[in-house]
Amino acid sequence: MEFNWARSHRYGAPRLASPATVDEARELVAGADRVRALGTRHTFTGLADTPGLLLSTAGLPMDLELDEAAGTATVGAGARYGEVAVALDARGWALATMASLPHISVAGAVATGTHGSGDRTGSLAAAVRAVELIGPDGALRRVSRGEPDFAGSVVALGALGVVTRVTLDVEPSYVVKQAVYRDLPWSVAETGFDALTGAAYSVSLFLDWSSDRIAQVWLKSRGDLPADLFGATAADEPVHMLAGAPTEAVTGQQGVPGPWHERLPHFRLAFTPSRGEELQSEYLLPRSAVQEAFAALRPLGARIAEVLQVTEIRTVAADDLWLSCAYGGDVVGIHFTWVKDAERVYALLPDIEALLLPLGARPHWGKCFVSTEVAALYPRMADFRALRARVDPAGKFSNALVDKLVG
């Protein structure tokens, strides 16, 4: 039996293959009736499932190709971001952002619109310069930034083919300082949200909705860190956002400078991220609607807290990728790490979505949500449907959930 990372979904696919080369993957795709690509299994639902062949990209070589003149790095789709980051930094190069987990695969994170945090920093997908993917006949094709199909081919839910290589924007390596500020009044988020999220290169707010305080604010700076943050002072010892969790799993804090890839994620690559026993949901809403969202959610605080481990609030800059949750405008992500109790979590999600979706919030594609009426939230969804019909007319790369979501 094959499960996702959180063991919240058991894959129904009758076959699993782990090719070691792109040519082997091409042959497998060409010979299958239905195929879905599988990365590090960090999607919390059946988004990556199939009634046919699950094709794991984990065995494909990273084979990093650095083009310093172009400012790009091309890597194998199944490579984990943390491994790519170490290899890049060893050659003096860096990514502009990383997600909280360095354990996720490049292609899987990009395909679902996964992100880090920063007012002026886009999602992981916004850094993609090109994708190489296997089509339904096993042929390889490459789509690059500036080409007509590109904006629909990056955040694509695996519905356009099996991605084998991804080309990313890179920049010279840099140093980051990280500090955690504790016990900030919630009123700061209501009256000074822009100043709060603009206080560093990357800012994350952690809270539980049951008090009038923000328990922790994680600042990651490419320059200096403030001595205090709206009256809150930095912790003088390492802290974890989950009470009682081991602090050796988190990246360096207390303002100690370190390589970008050892500060931008919340967790170290060598440790199991978070507690592992969890479910996750996230809703990304227009930045202009964030105060309405806060006001709507606060009365639900007691019910949320009953099944919550922690909420993280982050910001993401706009992009032009058709199925990106940040398409067309800057967004704020409200992320929920739940206890692993699917019945109680899924009973609460409709009430959260009834508040947030009318404000324009888009659920993160790879996390738990209940609404299947999300297509209208994406102005270019009709273009994506047309692209999908053209490149995969028989629906080899589809499944029931993808069909429901994109229409």
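A quick note: this is a predicted structure, and the numbers were derived from the prediction, not measured. Numbers here simply count residues along the sequence, with the first being 1.
- Residue Gln291 qualifies as enclosed at atom CD: its count of foreign heavy atoms under 6.0 Å is above 12.
- The only option from Thr197, Asp119, Asp330 that meets the side chain to side chain donor-acceptor pair (under 3.5 Å) definition with Thr315 turns out to be Asp119.
- A donor-acceptor contact closer than 3.5 angstrom links the side chains of Thr164 and Glu132.
- Side chains of Trp93 and Ser173: a donor-acceptor N/O pair is absent below 3.5 angstrom, by distance only.
- Counting only N and O atoms by type, the side chains of Lys367 and His42 include no donor and acceptor under 3.5 Å apart.
- Within a 6.0 Å radius of CG in Asp33, other residues, nucleotides and ligands contribute 12 heavy atoms or fewer.
- A donor-acceptor pair shorter than 3.5 Å cannot be found between the side chains of Arg141 and Ser153.
- With a 4.5 Å cut-off on side-chain heavy atoms, Leu242 and Phe206 do not count as touching.
- A centroid separation of 6.0 Å or more is found between the aromatic rings of Phe271 and His103.
- Of the candidates Leu133, Val35, Leu28, Val162 forms a side chain to side chain contact (heavy atoms under 4.5 Å, CB included) with just one, namely Val35.
- Inspection of the Asp89 and Trp260 side chains reveals an N or O donor paired with an N or O acceptor under 3.5 Å.
- Aromatic ring orientation, Phe193 versus Phe294: perpendicular (interplanar angle above 60°, classes split at 30° and 60°).
- A donor-acceptor distance shorter than 3.5 angstrom exists from the side chain of Thr112 to the backbone of Gly108, with no hydrogens or angles considered.
- Between Glu83 and Arg80 there is a salt bridge, since at least one side-chain N of the basic residue sits less than 4.0 Å from a carboxylate O of the acidic one.
- Side chain to side chain, Arg388 and Ser398 meet the donor-acceptor criterion of an N or O pair below 3.5 Å.
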Inset, instruction - Determine, step by step, whether His240 and Phe267 satisfy the ring-ring contact (aromatic ring centres under 6.0 Å, His included) criterion, reporting the C-alpha distance in whole Å, the side-chain angles of both residues, the deciding distance to 0.1 Å, and the verdict. - result: CA-CA 9 Å; His240 197 296; Phe267 298 99; 5.5 Å; yes

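- The two residues Thr50 and Leu53 have their closest heavy-atom pair at CG2-O, 3.4 Å.
- Considering Ile352, Leu297, Leu284 in turn, Leu297 is the only one that fulfils the side chain to side chain contact (heavy atoms under 4.5 Å, CB included) rule with Ile334.
- In this structure the side chain of Val84 reaches within 4.5 angstrom of the side chain of Met62, judged on heavy atoms.
- Counting only heavy atoms from C-beta outward, the side chains of Pro238 and Gln254 approach each other to under 4.5 Å.
- Applying the side chain to side chain donor-acceptor pair (under 3.5 Å) test between His335 and each of Arg314, His115, Gln280, His364 identifies Gln280 as the sole match.
- Under the salt bridge (Lys or Arg N to Asp or Glu O under 4.0 Å) test applied with Glu2, the options Arg41, Arg36, Arg15 reduce to a single match, Arg41.
- No hydrogens or angles considered: a donor-acceptor pair under 3.5 Å links the side chains of Asp319 and Ser324.
- Heavy-atom neighbours of Glu248 CD from other residues, nucleotides or ligands within 6.0 Å: above the threshold of 12.
- Trp218 and Gln216 are linked by a side-chain donor-acceptor pair at a separation below 3.5 angstrom, with hydrogens and angles left out of the test.
- Under the 3.5 Å distance criterion, with hydrogens and angles disregarded, a donor-acceptor pair is assigned to the side chains of Gln178 and Thr251.
- Across Gly333 and Glu282, no two heavy atoms sit closer than the pair CA-OE2, 3.7 Å.
- The ring pair (Phe, Tyr, Trp, His ring centres under 6.0 Å) contacts involving residues 365-407 comprise Trp365-Tyr378, where partners must be two or more places apart or lie in separate chains.
- More than 12 heavy atoms of other residues, nucleotides or ligands lie within 6.0 Å of CD in Glu24, so this atom counts as buried by the packing criterion.
- A donor-acceptor contact under 3.5 angstrom links the side chains of Ser281 and Trp338, judged on distance only.
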